[in-house]
Novice: 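Pasting in a structure now, in structure tokens, and then I'll have a few things to ask.
Nothing fancy with the numbering, it's 1 onward along the sequence.
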Amino acid sequence: MSVFPDGTAPVKAEYLISVDPLPVPDDDAAEGGQGSRSRNGRDTTEANDGGGRNNKKRSKEEKKARQGQNKNRRFAKVRDEQDICFKVAAGTLCEFGADCKYNHDLQAYLAAKPPDLRMPTVDGLLDAGVEDAADSQPALCPIFEEFGECKYGFKCRYLSAHIRKSSSENGGTESLSLVVDEEKKARAAISAKEVNYIGGETQKLLRTKKYPFPVTDAYLLELQEADKREQEIEKERKRVKEEEREKAEAGDDTVVVAEPEQSRDSAAKVQERTAMDVTSAPQADLDTPDVPMRFSEKNRLDWKGKTYLAPLTTVGNLPFRRLCVSYGVDITCGEMGLSTSFLSGSKEEWSLVRRHPSERTFGVQIAGNKPNTLVPTAEVLARECGSHGGIDFVDVNCGCPIDLVFKTGSGSALLDAPGKLGKALIGMNKALGSIPVTLKLRTGVKDGRNTAEKLMTRAVGGGGESGWGVGCITLHGRTRQQRYTKLADWEYIRQCVDAVRAREADEDLPPIPIFGNGDCFSSHDYHSAVERYHVDGVMVGRGALIKPWIFTEIKERREWDISSRERLEGIRKLAEFGLSHFGSDTSGINTTRRYLCEALSFQYRYVPIGLLEVLPAKINDRAPRFRGRDELENLLASPNSADWVKLSEMFLGPAPEAFVFVPKHKSNAYESQG
Ligand SMILES: Cc1cc2nc3c(=O)[nH]c(=O)nc-3n(C[C@H](O)[C@H](O)[C@H](O)COP(=O)(O)O)c2cc1C
Ligand SMILES: [Zn+2]
Ligand SMILES: [Zn+2]
């Protein structure tokens with residue numbers, strides 16, 4: 001073991017090729033690089049209507065974000081050669097008839113369409129090889145399998161699974177029709193549908209600034225009036241002082257003791273007052289937003305001992321979260337969305353709130369810089385999604401380190417703006433009704449200047465106390481400045497938890513769940529953090545990206561020496577979930593491939609624990625060059641992005657020539673590693 005430089009994964013001698021560690025992937029770049037903001041995958045000109053008819057406007061924020069993004073990471077659109085009319089593709093009649101600007105010639109479309117794909121099972125694949133497996137397996141369309149019908153119709157690349165050909169009696173033209181499995185369809189309608197779609201009407205109201213915000217309006221007015229009062233008090237204070245001075249100068253010895261009645265700072269006052277009358281859910285009392293609600297009416301989050309998948313921009317998309325659910329994760333959170341983009345009705349941002357029905361506890365994370373944006377975002381989320389049971393919590397991002405977000409005063413910048421943050425949280429609590437608001441923070445902005453403890457003790461309590469009433473806090477044990485190469489500060493996490501518990505005990509507040517976050521990479525890490533650092537649970541980010549089965553390990557309190565075959569099963573599942581979400585037409589397959597590669601750009605970093613001399617594995621250990629126990633294990637460990645594309649081809653068919661994948665890590669260094 002001593003042959004290893006410090007911080008190297010202790011791979012057993014028989015698997016070791018060289019003790020020189022592989023290059024360290026730059027997780028800071030991965031988190032900071034926004035990637036393509038076209039995160040719903042369906043490029044903006046090709047929305048889910050399939051017709052590509054609407055030209056969407058992009059918000060200023062999105063444009064800015066686009067300018068800042070890594071130009072190498074633009075993902076080219078891949079479309080059908082022929083623009084078939086989506087009505088015709090769905091097997092229905094198009095009302096535009098001959099005037100339609102899209103192609104209506106189905107026969108010609110099908111004749112030019114590339115051959116259907118097959119999605120082999122892992123057993124078929126490993127036991128028979130890719131080509132044979134594809135040929136010997138029955139044609140299956142993952143969407144048809146799940147929903148009993150495939151909305152991609154004739155455009156589906158797994159079409160043979162749901163097409164019926166019948167030639168007319170006199171031997172004339174062959175007629176084609178799409179198959180529907182009514183029984184499956186009925187079952188799926190209840191249990192399989194994704195939720196949290198907002199309608200076109202809502203989007204239009206948002207875009208045109210006509211969406212009603214009664215709770216927000218009332219609250220912002222209240223803040224304004226409080227500010228005004230505060231200014232008046234200040235003016236009065238100055239006047240009295242001035243008078244005093246004048247009198248003193250004139251030799252008058254009457255002492256003026258009249259002090260303005262209120263003298264505490266305005267933020268604290270507004271917060272105390274507003275915390276007392278948290279209003280009820282907007283959906284319940286649209287016209288009477290001032291009905292008071294006690295905090296006891298908020299849904300309590302009973303999260304002790306649960307597993308929580310971190311919000312992860314780009315990589316924490318719906319299919320990936322669904323994969324983690326299949327490995328047992330309890331709580332999932334959508335990718336960070338910008339409140340300004342939600343408010344401008346951005347289709348992309350709204351796609352981030354989509355929830356798969358298997359996500360049992362699901363939240364939406366938002367970034368914003370002040371009550372004016374955070375509170376209305378909470379209000380529209382509550383009304384459009386929360387009222388249908390689609391959102392269990394709304395998380396405020398106080399951790400995002402990226403410049404673009406930080407400079408606008410959002411993300412980790414809020415750590416240094418407790419006044420604004422508090423006002424925003426109290427307003428959000430009103431706007432969200434019974435839905436709790438949660439907080440995700442870093443320890444501070446600058447190294448050596450931690451601010452989380454103070455914030456966290458102010459964040460708890462509400463309804464009579466001068467707290468902000470948050471329902472859960474997650475603390476990532478790093479400052480904004482700190483790089484991923486340094487370990488998270490769990491001692492400080494414990495200090496913060498203890499401080500919150502002390503305040504709760506002092507003021508007889510019901511305890512809220514507190515999650516720690518940072519470097520959890522094994523069942524051992526999770527459970528020992530709970531024991532040693534007093535947290536209720538641990539949020540897992542990169543650990544889940546590198547080994548999504550970590551949630552099974554945590555649940556079953558064991559370290560799982562997963563086989564390469566089992567890992568490939570997971571990759572197949574992710575491909576299937578991708579098609580189900582992004583679509584099984586050419587464009588959907590391309591998007592699925594892209595996100596599958598995103599996932600593989602983390603998964604290759606897993607060093608099979610069966611190869612290790614010492615357990616548990618540590619997240620920051622650098623892998624030496626090693627050989628796996630079989631060919632597939634070697635392939636899965638490849639840092640070469642061409643191999644990730646190869647893996648995608650096993651399930652999604654050949655990648656188009658134009659397909660290039662550049663991972664979020666600025667990882668050109670890997671290419672030469674092949
Ligand atoms: C690729 C990537 C994307 C991330 N995106 C978000 C995000 O959208 N919102 C957020 O609060 N944190 C985000 N984070 C931070 C993680 O949620 C988490 O706090 C961090 O990775 C530390 O946990 P870990 O050590 O378990 O990875 C991201 C991190 C990574 C690596
Ligand atoms: Zn048409
Ligand atoms: Zn299909």
Side-chain angles (χ1 to χ4, degrees), residues 36 38 40-58 74-117 141-144 147-166 168 172-180 185 194 197-201 203-204 207 345-348 350-351 578-594 652-659:
S36 160
S38 178
N40 63 352
R42 303 200 70 84
D43 297 282
T44 30
T45 46
E46 249 197 280
N48 274 333
D49 64 358
R53 272 171 198 164
N54 34 359
N55 268 326
K56 269 150 253 68
K57 289 196 192 106
R58 288 176 182 149
R74 274 201 191 129
F75 288 89
K77 274 192 305 248
V78 176
R79 306 172 63 154
D80 285 341
E81 302 264 302
Q82 299 190 43
D83 244 350
I84 185 89
C85 169
F86 78 97
K87 290 260 169 139
V88 173
T92 56
L93 282 176
C94 170
E95 69 270 30
F96 295 106
D99 294 334
C100 181
K101 61 177 177 163
Y102 295 95
N103 183 7
H104 276 196
D105 188 347
L106 187 60
Q107 298 286 353
Y109 171 80
L110 291 177
K113 197 176 168 217
D116 267 8
L117 300 171
C141 162
I143 298 184
F144 183 78
F147 299 99
E149 75 182 327
C150 175
K151 66 177 175 188
Y152 296 90
F154 291 106
K155 288 174 75 135
C156 177
R157 295 292 308 279
Y158 304 86
L159 176 61
S160 45
H162 47 76
I163 191 172
R164 192 182 294 118
K165 290 183 189 162
S166 47
S168 52
T173 51
E174 199 177 50
S175 81
L176 299 171
S177 58
L178 294 166
V179 179
V180 177
K185 188 177 159 186
E194 292 176 10
Y197 286 89
I198 63 157
E201 191 51 35
Q203 223 179 317
K204 197 167 138 205
R207 242 189 342 251
S346 152
K347 194 161 188 149
E348 272 181 49
W350 280 98
S351 78
L579 294 174
S580 161
H581 179 68
F582 296 119
S584 56
D585 57 341
T586 298
S587 160
I589 287 170
N590 193 52
T591 307
T592 301
R593 191 188 311 280
R594 182 237 158 145
L652 301 173
E657 237 169 80
F659 188 88

Novice: State the CG-OH distance between Asp83 and Tyr109, to the nearest 0.5 angstrom.
Specialist: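 If I round to the nearest 0.5 Å, the distance is 9.5 Å.
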Novice: Give a yes or no answer on whether the side chain of Arg593 reaches the backbone of Pro654 with a donor-acceptor pair at less than 3.5 Å.
Specialist: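 Side chain of Arg593 to backbone of Pro654, a donor-acceptor pair under 3.5 Å: yes, one is there.
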Novice: Identify the two heavy atoms, one from Pro656 and one from Asn590, that lie closest to each other, and give their separation to 0.1 Å.
Specialist: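 Pro656 and Asn590 have their closest heavy atoms at CG-OD1, 4.2 Å.
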Novice: Checking Val179 against Phe144 for the side-chain contact (heavy atoms from CB on, under 4.5 Å) test, could you report, in this order, the C-alpha distance in whole Å, the side-chain angles of both residues, the deciding distance, and whether it holds?
Specialist: CA-CA 9 Å; Val179 179; Phe144 183 78; 4.1 Å; yes
Novice: Sub-3.5 Å donor-acceptor pair from the side chain of Arg157 to the main-chain atoms of Pro115, do we have one?
Specialist: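 Yes, because the side chain of Arg157 sits within donor-acceptor range (under 3.5 Å) of the backbone of Pro115.
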Novice: Atom CG in Asp585, atom NZ in Lys113: separation rounded to 0.5 Å?
Specialist: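 If we round to the nearest 0.5 Å, Asp585:CG and Lys113:NZ are 9.0 Å apart.
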Novice: Are side-chain heavy atoms of Leu178 and Leu159 found at a separation under 4.5 Å?
Specialist: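 Yes; the side chains approach each other to less than 4.5 Å.
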Novice: Of the non-hydrogen atoms in Cys85 and Tyr102, which two are nearest, and what is the gap between them?
Specialist: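 Of all heavy-atom pairs spanning Cys85 and Tyr102, the closest is CA-CB, 3.5 Å.
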Novice: Taking side chain as C-beta onward, heavy atoms only, is Thr592 less than 4.5 Å from His581?
Specialist: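 Of all side-chain heavy-atom pairs linking His581 with Thr592, none is under 4.5 Å.
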Novice: In the structure I gave you, are the side-chain heavy atoms of His104 and Lys87 within less than 4.5 Å of one another anywhere?
Specialist: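 Result no, sub-4.5 Å side-chain heavy-atom pair not found.
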Novice: Among Ser160, Cys156, Cys141, find the residue that satisfies the side chain to side chain contact (heavy atoms under 4.5 Å, CB included) test when tested with Asp116.
Specialist: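 That would be Ser160.
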Novice: Say you draw a straight line from CD1 of Ile198 to NZ of Lys204; how long is it, rounded to the nearest 0.5 Å?
Specialist: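 Going from CD1 on Ile198 over to NZ on Lys204, the span is 13.5 Å.
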Novice: Quick check: closest heavy atoms across Gly91 and Phe154, and the distance to 0.1 Å?
Specialist: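 So the minimum-distance heavy-atom pair works out to CA-CE1, 3.9 Å.
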Novice: With side chains defined as the heavy atoms from C-beta onward, is the minimum distance between Ile84 and Lys155 less than 4.5 Å?
Specialist: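 Side-chain contact under 4.5 Å: yes.
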Novice: Is a side-chain donor or acceptor of Gln203 paired with a backbone partner of Gly345 at a separation under 3.5 angstrom?
Specialist: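 Confirmed, Gln203 side chain pairs with Gly345 backbone.
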Novice: Out of curiosity, Cys94 SG to Phe86 CZ, how far, rounded to the nearest 0.5 Å?
Specialist: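 If I round to the nearest 0.5 Å, the distance is 7.5 Å.
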Novice: Nearest 0.5 Å, please: how far is CG in Leu110 from CG in Leu176?
Specialist: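 Answer for the CG-CG pair, Leu176 versus Leu110, is 6.5 Å.
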Novice: Strictly distance-based, threshold 3.5 Å: is any side-chain N or O of Ser584 a donor or acceptor partner for the main-chain N or O of Leu579?
Specialist: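 Not a single qualifying donor-acceptor pair exists.
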Novice: Compare every heavy atom of His162 with every heavy atom of Cys150, then report the nearest pair and how far apart it is.
Specialist: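 In terms of heavy atoms, the two residues are closest at CB-NE2, 3.2 Å.
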